[in-house]
Amino acid sequence: MGAGEEVRAVLGDAWWDGTVRQSEELARAAEVRGPGAVGRLGALLQAWAVGFAAVRPDVLSSRLAASRRGLRADEAVGFLAALDARVFHVDSAGFVVPQVFRPKASGGRYALFSRNGSGVAVSEAAVRGSMSEVDCTGHLRVTEAELVES
């Protein structure tokens, strides 16, 4: 039994179905609010991956590893809304510096990427609702960043 099946078994089918339905509603609302957000963020991630590979001698290729679940519209809209609102700054190598929330105790940057074999992988925690969330009405709610520290 996988983790999802265990959660469903414990919490029940009604909860599971409601959660899936809510997730689908968020994705639809995000696509209406920010059409093309997945493509825009994908292009930015690829450009930042090139920069990441350029500054990390142990990364031989800027090729991004494909995520099993992919980038979702609600995640892309939330991330881009926070970026556009200057909640954080992403440099050319994909390192994030907070602008309006508490910086790292060390004063350093957060990394959007990590090395994956000879290429690059996106830290999904960095994109998936950790810095910002868009609720079902399309309002941006900014939360404290929970990024992978560099």
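Side chains included, hydrogens not; waters and symmetry mates left out as well; all remaining heavy atoms used. Source: prediction; values computed, not measured.
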**Report entry** Any residue meeting side-chain contact (heavy atoms from CB on, under 4.5 Å) with Ala53, in chain and number order, not counting sequence neighbours
**Finding:** Val59, Ser62

Requested in this report: State the CZ-CG distance between Phe52 and Leu45, to the nearest 0.5 angstrom.
Outcome: 12.5 Å

Report task. Report whether Val55 and Leu60 are members of the same hydrophobic cluster (ILVMFWY, side-chain heavy atoms less than 4.5 Å apart, transitive linking). Result -> no

**Report entry** Closest non-hydrogen atom pair between Gly94 and Phe113, with its separation
**Finding:** CA-CE1, 3.8 Å

Query raised in the report: Would you find a donor on one side and an acceptor on the other, under 3.5 Å apart, between the side chain of Gln46 and the backbone of Ala43?
Result: no

Requested in this report: Could you tell me if the ring centre of Phe88 sits under 6.0 Å from that of Phe95?
Outcome: no

Requested in this report: Could you grab the distance from atom CG of Leu64 to atom CG of Asn116, nearest 0.5 Å is fine?
Outcome: 9.5 Å

Query raised in the report: What are the two closest non-hydrogen atoms of Ala76 and Leu41, and how far apart are they?
Result: CA-CD2, 3.8 Å

Query raised in the report: Got Leu44 and Leu83 here, is their nearest side-chain heavy-atom distance under 4.5 Å?
Result: yes

Query raised in the report: What residues form a side-chain contact (heavy atoms from CB on, under 4.5 Å) with Gln99, not counting sequence neighbours?
Result: His89, Val97

Report task. Find out whether Leu112 and Val122 are in side-chain contact, i.e. whether some heavy atom of one side chain is under 4.5 Å from a heavy atom of the other. Result -> no

Query - CD (Gln22) with more than 12 external heavy atoms under 6.0 Å - result: no

Query raised in the report: Which heavy atom in Ser61 sits nearest to a heavy atom in Val120, and how many Å separate them?
Result: O-CG2, 3.5 Å

Report summary line: Heavy atoms of Val90 and Trp48 approach each other most closely as CG1-CE2, 3.3 Å

Report summary line: For Arg40 and Asp84 the tightest heavy-atom approach is NH2-OD1, 2.8 Å

